[in-house]
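Read through the structure below, which is laid out as C-alpha cells, and then see the notes.
A, B, ... follow the sequence lines: proteins, then strands. Residue 1 opens every chain. Below, each value reflects all heavy atoms present in this structure, side chains not excepted, and no hydrogens, waters or symmetry copies. Keep in mind that this is a model prediction, so the values were computed, not measured.
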Number of protein chains: 2
Amino acid sequence: MEVARELNYRVDKNAAGLRSRHSNTIALLLFEDSSTDESQINPFFLSMLGSIARAAAASDYDLLVSFQQLSNNWQGRYEASNRADGIILLGYGDYLNYGEKLRALDEGGAHYMIWGPTIEQHDGRSLGCDNVSGGRQSTEHLLSLGRKRIAFLGDNSPGFPEFRARYFGYEAALKTAGIEPDPSLQRDAENSENAGYIAVQSLVLGGADFDAIVTCSDLIAIGALRALQELGKHVPEDVSLVGFDDIPAASYVNPGLTTIRQDTLRAGAMLVDNLIGLIHERSVASALIEPRLVVRRSCGGHPR
Amino acid sequence: MEVARELNYRVDKNAAGLRSRHSNTIALLLFEDSSTDESQINPFFLSMLGSIARAAAASDYDLLVSFQQLSNNWQGRYEASNRADGIILLGYGDYLNYGEKLRALDEGGAHYMIWGPTIEQHDGRSLGCDNVSGGRQSTEHLLSLGRKRIAFLGDNSPGFPEFRARYFGYEAALKTAGIEPDPSLQRDAENSENAGYIAVQSLVLGGADFDAIVTCSDLIAIGALRALQELGKHVPEDVSLVGFDDIPAASYVNPGLTTIRQDTLRAGAMLVDNLIGLIHERSVASALIEPRLVVRRSCGGHPR
DNA sequence: CTGAAAGCGCTTACAG
DNA sequence: CTGAAAGCGCTTACAG
C-alpha cells in the first residue's frame with residue numbers, strides 16, 4: 001500500500017469494469033424539448049442535475065451527463081455498452097413517445113429511473129412529485145384569497161402526464177369549492193416563457209373573464225406575467241398568479257412569484273438511491289414527493 | 001454487421017478502453033466556493049456545463065460531471081485511472097490554491113483545460129474571456145452616460161485573477177477618462193448575491209459618494225441592487241449598475257440588468273476542442289474570448 | 001490484404 | 001486463509 005501510494009497507483013477503471021462487469025457509473029439523460037433553443041436548458045432540470053450529481057458522488061458513483069432529443073437512438077448507448085450500470089431519465093416532452101424507448105430498455109435488461117409521471121407498468125422505476133397535490137395547493141391558495149375565475153395554463157393532454165395531474169388537482173380543488181371548471185379558461189402550454197406569453201394573449205384577446213391563473217411551471221408563469229403586464233393587467237391586483245417548480249427566476253421577477261416548490265434535493269437523492277437499488281436487484285417502490293406552496297407577492301393577500 | 005444489428009450488439013466500452021488505452025470521455029470538474037450553499041450552483045457555470053455537454057457530444061465524447069471542492073483530492077481520480085482522457089476545470093475560487101493541484105496534474109501527464117484566468121505557465125491549457133476588456137467596456141458605458149463616481153465590487157486580489165483583470169479594465173477606462181480610481185469606492189466581494197448586498201451596505205453606510213457601480217458578476221450586481229433599493233436608492237436614477245456574465249436572472253430583475261455577456265456557447269466549444277487537441281498531442285494556443293455589453297435598464301440613458 | 005494471436009489490467013473463482 | 005491462474009471483450013501488432 002505504501003509503495004502504491006508512492007507510485008501514485010490508481011486502479012484502472014476500464015480493466016476493473018471489464019472484469020467485474022460493472023462501471024460504478026450512472027448515466028443522466030436530459031431530454032430537451034425540440035422547441036427550446038440550444039442555450040436554454042430548463043432551470044428545474046438543471047437544479048435536479050446538481051442534486052443528482054451530489055447524490056451520485058455520495059454513493060461513489062460517477063455521473064455521465066448527456067443532453068438528448070427524445071427521438072434520438074440512446075437506448076443502447078449506455079448500459080448495453082457497459083458505459084453505465086443504470087440510467088436516469090429527466091425531461092418533459094411527450095411521454096407517449098417514451099413507451100417504445102422504455103420497452104427497448106426493458107428488453108435490454110437495463111436499469112433505469114424516470115423522473116416525472118407515475119407510469120403504472122414501470123412500478124418502482126419512476127419517481128415524481130405529487131402533481132395532483134401541487135395543482136390542488138395552488139388552486140386552494142387562490143380560492144382562499146377569494147379568487148373565483150381561475151384560469152389554467154398547461155397542456156393537460158395524456159401525452160403530458162405531469163401537467164395533466166396538475167390539472168386534475170386544479171379541477172378537484174375547484175369542485176370541492178363548488179365551482180365547475182370552465183374549459184374556456186384552460187390553455188395548452190408547453191414548458192416555456194413563450195408558451196405562457198401566448199396563452200395569456202389568447203385568453204385576454206379572446207375576452208376571457210378571469211381573476212387568477214394557475215400555471216404548470218414557473219417558466220410559463222413568467223411568460224404569462226410579462227403578457228399580463230404588457231396588456232395593462234396588474235399582478236396581483238387584477239390577476240393573481242401561481243407558478244410551479246420554484247426555479248431561481250421565481251424570486252427575481254417583480255412581483256415575486258408565488259409557486260409550488262419541488263424538493264429537488266430530495267428528488268435527486270431518491271432517484272440515485274432507487275437506481276442503485278435496482279442495479280443491485282433490490283425491489284424498489286415508486287414514490288411521490290410532496291411539493292409545497294411558497295408564498296411571494298404574485299397572488300396578493302400575503303406579504304412577501 | 002446485419003447479425004450484429006439483429007442481436008443488438010454493442011462494443012463493450014470497458015474492454016475497448018482497456019485495450020486501446022483511451023476512454024473517449026472527458027471529465028468536467030466544477031468547483032464550488034465552500035461558501036455557497038449546497039443547492040445553489042453558479043448559474044454561469046451551469047450554462048457552461050450545457051455548452052460543454054453539447055460540444056463533447058458533437059465530438060463523440062462522453063462527459064463525466066462532478067462537483068468538487070477545490071480542496072478535495074481529485075487530481076488522480078479521473079485521468080490516472082483511465083476514467084477520462086482529459087479534464088476540464090471550471091470554477092472561481094482562489095487560484096493560488098490551484099497551483100499545487102495543477103502541478104500534480106502536470107506530473108501525472110494529465111490533459112486538462114482551465115476556464116478563466118490566463119495562467120502563464122500553463123500556456124494553451126487555459127481559456128478565458130477577455131476580462132480586462134469586459135471591465136473596460138462596462139466602465140466606459142457608465143462614463144458615456146455621464147457617471148463619474150464609479151464604485152467597483154469584486155475581490156481584486158491576486159487570488160482572483162479574473163476579478164482582478166476586470167478591475168484592471170475598470171481602472172484603465174477611468175484613467176483614460178482622466179479620473180483617478182478612488183480606493184474608497186472598491187469593495188472585495190466573492191461571487192454571490194450576499195457579498196454584493198453586504199458590499200453596498202458597507203459603501204452606503206460608510207458614507208461613500210458614488211453614482212454608479214461596476215460589479216464582477218451578475219450575482220454580485222443582483223445583491224447590490226437589492227441593497228440599493230432597500231436603502232432607498234433608485235436604480236438607475238440615483239445609481240447606475242452593471243453586472244458581468246449575463247446569467248438568465250439578469251433579464252428577470254427589475255430594472256433589467258445591463259451586463260457584460262460572456263459567450264458560453266463558444267467558450268464550451270473551444271474548451272472541448274482544445275482539450276481534444278491536447279489529448280491528441282496537438283499544440284494548442286491559449287485564447288481570450290471577447291465579451292460584449294448587453295444594455296438593459298439598470299444604467300439609464302438607453303431604453304430596453 | 002487477411003486472419004489468428006497476443007495482451008491491455010484488473011477481479012474472481014479455484015486450487016492448494 | 002493464501003496465492004496463482006483464468007478470463008472479462010476488445011484492439012492492435014504481427015505472421016502469413
**Request:** Identify, with sequence neighbours excluded, every residue that meets side chain to side chain donor-acceptor pair (under 3.5 Å) alongside R164(A).
**Result:** none
**Complete:** For A189(A) and A195(A), the nearest pair of non-hydrogen atoms, with its separation, is CB-CB, 3.9 Å
**Prompt:** For DNA chain C, which nucleotides open and close the run of contacts to chain A, 5' to 3', at under 4.0 angstrom from a non-hydrogen atom?
**Reply:** dG9(C) to dT12(C)
**Message:** Suppose we screen for side chain to side chain donor-acceptor pair (under 3.5 Å). Which residues come up paired with S23(A), at least two apart in sequence or across chains?
**Reply:** D85(A)
**Item:** Listed partners of A104(B) passing side-chain contact (heavy atoms from CB on, under 4.5 Å), at least two apart
**Value:** Q75(B)
**Message:** When the C1' atoms of dC10(C) and dA13(D) are compared, how many Å lie between them, rounded to an integer?
**Reply:** 22 Å
**Message:** Quick check on contacts: within residues 16-26 of chain B, what sits under 4.0 Å from DNA chain C by heavy-atom distance?
**Reply:** L18(B), R19(B), R21(B)
**Request:** Applying side chain to side chain donor-acceptor pair (under 3.5 Å), name anything that partners D273(A), two or more places apart in sequence or on another chain.
**Result:** none
**Fill in**
Residue set satisfying ring pair (Phe, Tyr, Trp, His ring centres under 6.0 Å) with Y78(A), at least two apart, ordered chain then number -> none
**Prompt:** Residues two or more places apart in sequence or in another chain: which of them pass side-chain contact (heavy atoms from CB on, under 4.5 Å) with N194(B)?
**Reply:** S192(B), I198(B)
**Request:** Not counting sequence neighbours, which residues clear side-chain contact (heavy atoms from CB on, under 4.5 Å) with A267(B)? List them please.
**Result:** M48(B), W115(B), I289(B)
**Request:** Output every pair passing salt bridge (charged side-chain N to carboxylate O under 4.0 Å, His left out) with a member in residues 18-27 of chain A, not counting sequence neighbours, ordered by first then second residue.
**Result:** R21(A)-D12(B)
**Request:** Could you work out the separation of dG9(C) and dC14(D) based on their C1' atoms and round it to a whole Å?
**Result:** 22 Å
**Fill in**
Across all chains, not counting sequence neighbours, the side-chain contact (heavy atoms from CB on, under 4.5 Å) partners of S157(A) are D155(A), F160(A)
**Request:** Dot-bracket for DNA chain D, please, read 5' to 3', with Watson-Crick or G-U wobble pairs under 3.5 Å on both distances, ( ) within the strand, [ ] crossing, | other strand, . unpaired.
**Result:** |||.||||||||.|||
